[in-house]
K.L.:
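I'd like to ask some things about the structure below.
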Protein chains: 2
Amino acid sequence: MTEDTATPPDRDLGELFARITQQLIAAERPILERHGLQMWPYVVLASLERRPASTQLQLATQIGYDKTRLIAILDDLGAAGLIERRPDPTDRRARIVSLTDAGRARLRAVRADIRVMEAGYLEGLSEAQARGLRRVLARLAGPR
Amino acid sequence: MTEDTATPPDRDLGELFARITQQLIAAERPILERHGLQMWPYVVLASLERRPASTQLQLATQIGYDKTRLIAILDDLGAAGLIERRPDPTDRRARIVSLTDAGRARLRAVRADIRVMEAGYLEGLSEAQARGLRRVLARLAGPR
DNA sequence: TATTGTTATACTCTATAACTATA
DNA sequence: TATAGTTATAGAGTATAACAATA
């Protein structure tokens, strides 16, 4: 017998993950708003930190977003001085997107607040549980 | 020192959960499709299993969905013979929704396939890790 | 001929308001 | 007057197609 008969019928993994995701997004929204950002613009900044100097198409596929919708976001971020777009010297069709110093600073500030929120969200867990959770999540989510 | 200096900079919890949720939804979609269901209709059936004989409004709030959009879903599920709506004897404005035998059977069949998919998804984890993950997820997601 | 960034268009999904019948 | 279910309408979000410049 490898089954534990004492456990209640499991909930769908999808339901559990979806609910938690929803909670986290709801918790992040006011933080982002306080820093003058929305979800996808923040995702763009975070992606550019990991891979500086991406082309717009690379950026779009990296964050799983549409290249046409990305444009308005980049326009806004550019107008706010958080990113800049330069023509790619090796391919004059492409534009290379990169963080400005202001963009990096903004990202750091937002992330600090999000870290505080996350710590509160995981408050009920032990240190070992929280570490184990992060390890498992990173593994399931895949590289990057 | 309570910090582990060897760990890389953490990714946002929201990003990790969102990616995994996305993967699970993508994995569930073809399963549901094979059984002639979509995401929200399936959620409705699952919710009705937990709380039979809900009123439409209770159902909507339970699954976090809009009561107006729920109607079309209930129409479809009713036409497919998976649920039935009867007037509430104590309040003739309300309609009580419940699973039919066919609905229960469909739900069981879909869930069995989803359980197989989930087992495969967690394949890389040890038994203890998988159990620990479910426990933590259930705790974070909250009751129900 | 194919690709990058862009714009324009159509479509879907979601939110809001309004209606009916009951309470 | 308020509420459950319903319908209709408006808005946001998303997907698709087409275009100019370059490869």
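From a predicted model like this one, the values you see are computed outputs, not experimental measurements. In what follows, chains are A, B, ... by sequence order, proteins preceding strands, each numbered from 1.
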K.L.:
Any idea which of C:dT4, D:dT16, D:dT7 is nearest the A:Thr68 side chain?
P.N.:
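Taking heavy atoms from C-beta onward, the closest nucleotide is D:dT16.
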K.L.:
Write down the distance between CG (A:Asp76) and P (C:dT6), rounded to a whole number of angstrom.
P.N.:
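In whole Å, C:dT6 P and A:Asp76 CG are 13 Å from each other.
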K.L.:
Is any side-chain nitrogen or oxygen of B:Arg85 closer than 4.0 Å to OP1 or OP2 of D:dT6?
P.N.:
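Looking at the OP1 and OP2 atoms of D:dT6, one of them is under 4.0 Å from a side-chain N or O of B:Arg85.
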K.L.:
Salt bridge (Lys or Arg N to Asp or Glu O under 4.0 Å) for A:Glu84 and A:Arg95? Distances and angles first, verdict last.
P.N.:
CA-CA 10 Å; A:Glu84 61 180 4; A:Arg95 307 177 75 178; over 6 Å; no
K.L.:
Just how far, in rounded Å, is P of D:dA4 from CD of B:Gln62?
P.N.:
14 Å
K.L.:
Specify the separation, in whole Å, of atom NZ of A:Lys67 and atom P of D:dA18.
P.N.:
14 Å
K.L.:
Tell me, with the steps shown, if B:Gln129 and A:Arg135 meet side-chain hydrogen bond (donor to acceptor under 3.5 Å, both in side chains).
P.N.:
CA-CA 10 Å; B:Gln129 276 179 319; A:Arg135 199 177 313 125; over 6 Å; no
K.L.:
Once you apply a heavy-atom cut-off of 4.0 Å, does B:Asp91 come out as touching a base, just sugar-phosphate, or nothing?
P.N.:
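Sugar-phosphate contact only.
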K.L.:
Could you give the CG-to-P distance, from A:Leu70 to C:dG5, as a whole number of Å?
P.N.:
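Answer to the nearest Å: 9 Å.
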K.L.:
What nucleic acid atoms does A:Leu57 come within less than 4.0 Å of, heavy atoms only: base, sugar-phosphate, or nothing?
P.N.:
sugar-phosphate
K.L.:
Rounded to whole angstrom units, what separation is found between the CZ atom of A:Arg93 and the C1' atom of D:dC19?
P.N.:
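It is 15 Å, rounded to the nearest whole Å.
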K.L.:
So, do B:Leu107 and B:His35 sit near enough that their side-chain heavy atoms are less than 4.5 Å apart?
P.N.:
no
K.L.:
Which protein N or O atoms sit under 3.5 Å from an N or O of nucleotides 12-14 of chain D?
P.N.:
unit_1: D:dT14; atom_1: OP2; unit_2: A:Arg69; atom_2: NH1; d: 3.1
unit_1: D:dT14; atom_1: O5'; unit_2: A:Arg69; atom_2: NH1; d: 3.2

K.L.:
Determine, stepwise, if the pair A:Asp88 / A:Arg93 fulfils salt bridge (Lys or Arg N to Asp or Glu O under 4.0 Å).
P.N.:
CA-CA 7 Å; A:Asp88 183 342; A:Arg93 295 172 302 180; over 6 Å; no
K.L.:
Measure the shortest side-chain to side-chain distance between B:Arg108 and B:Arg111 over non-hydrogen atoms and say whether it is less than 4.5 angstrom.
P.N.:
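Counting from C-beta outward, B:Arg108 and B:Arg111 never come under 4.5 Å.
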K.L.:
Distance check needed: C:dT6 P versus A:Asp75 CG, whole Å only.
P.N.:
7 Å
K.L.:
From CG of A:Asp66 over to C1' of C:dT7, roughly how many Å is that when rounded to an integer?
P.N.:
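Result: 13 Å.
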K.L.:
Any salt bridge linking B:Arg106 with B:Glu49? Criterion: basic side-chain nitrogen under 4.0 Å from a carboxylate oxygen.
P.N.:
no
K.L.:
How long is the line joining CD1 of A:Ile71 and C1' of C:dT9, in whole Å?
P.N.:
15 Å
K.L.:
Is the closest side-chain heavy-atom distance between B:Leu122 and A:Leu13 below 4.5 Å?
P.N.:
yes
K.L.:
Choose from C:dG5, D:dA4, C:dT16 the nucleotide whose nearest atom is closest to any side-chain atom of A:Thr55.
P.N.:
C:dG5
K.L.:
When you check the phosphate oxygens OP1 and OP2 of C:dT6, does a side-chain N or O of A:Gln56 lie under 4.0 Å from one of them?
P.N.:
yes
